[in-house]
Structures are given as structure tokens and as C-alpha cells.
Participant: 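Below are the C-alpha cells for one structure; questions will follow.
Only a predicted model underlies this, so the values are computations on that prediction, with no experimental measurement involved. Residues take their numbers from the sequence shown, with the count starting at 1.
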Amino acid sequence: MPIYKLTAFEQAGEKLLDESIEAKSDQEAKQLAETMLTEKELLNTTHRLVSPDGKLLLFHV
């Protein structure tokens, strides 16, 4: 299964979250990432989700 990379940052650039997510598809990875961000109350922070081939799937500033 492909491994996606989810990171969340503070405005100053400090990492708040640095997780790997295994998912069967880009859509599944996005859903898992949004759930994780919501649970950790990081949905409104700067974050990004990147696919194994470098495609940016989620980005929020």
C-alpha cells in the first residue's frame, strides 16, 4: 500500500505533526488525513498531504 506524508506547522515553521499514512488511494489518504487533523485539532493550522509520487493532495495555510 502506498505511504502518504502528512505534516502540520505553526506559523513560525515549527512542525506540529509529521505522520505517514498508508492508504489504497489518494481519496482514502485525504479522508484519513482530515480525520487525523480534526482529532488533533490541527485542521485550521498550516498543513499538507503529499502522495508517494510527490503530488500535493491537501494544503491549507
Participant: Name every donor-acceptor pair, under 3.5 Å, that has one atom in a side chain of residues 16-27 and the other anywhere in the protein, sequence neighbours excluded.
Facilitator:
unit_1: Asp18; atom_1: OD1; unit_2: Lys5; atom_2: NZ; d: 3.0
unit_1: Asp18; atom_1: OD2; unit_2: Lys15; atom_2: NZ; d: 3.2
unit_1: Ser25; atom_1: OG; unit_2: Glu28; atom_2: N; d: 3.1
unit_1: Asp26; atom_1: OD1; unit_2: Tyr4; atom_2: OH; d: 2.8
unit_1: Asp26; atom_1: OD2; unit_2: Lys55; atom_2: NZ; d: 3.2

Participant: Nearest 0.5 angstrom please: Glu10 CD to Thr46 OG1, how far?
Facilitator: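 Spacing of CD (Glu10) from OG1 (Thr46) equals 10.0 Å.
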Participant: Walk me through whether Leu6 and Leu32 qualify under side-chain contact (heavy atoms from CB on, under 4.5 Å).
Facilitator: CA-CA 10 Å; Leu6 174 65; Leu32 291 169; over 6 Å; no
Participant: Measuring from atom CG of Leu57 to atom CD of Glu34, what distance do you get when rounded to the nearest 0.5 angstrom?
Facilitator: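 Here the rounded value is 10.5 Å.
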Participant: Give me the other members of the hydrophobic cluster that Phe59 sits in, counting Ile, Leu, Val, Met, Phe, Trp and Tyr linked by side-chain heavy atoms under 4.5 Å, directly or via other members.
Facilitator: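 ILVMFWY cluster around Phe59 also holds Val50, Leu56, Val61.
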Participant: Start with the C-alpha gap between Leu42 and His47, add the side-chain angles, then the distance that decides, and say whether side-chain contact (heavy atoms from CB on, under 4.5 Å) holds.
Facilitator: CA-CA 8 Å; Leu42 296 172; His47 61 267; over 6 Å; no
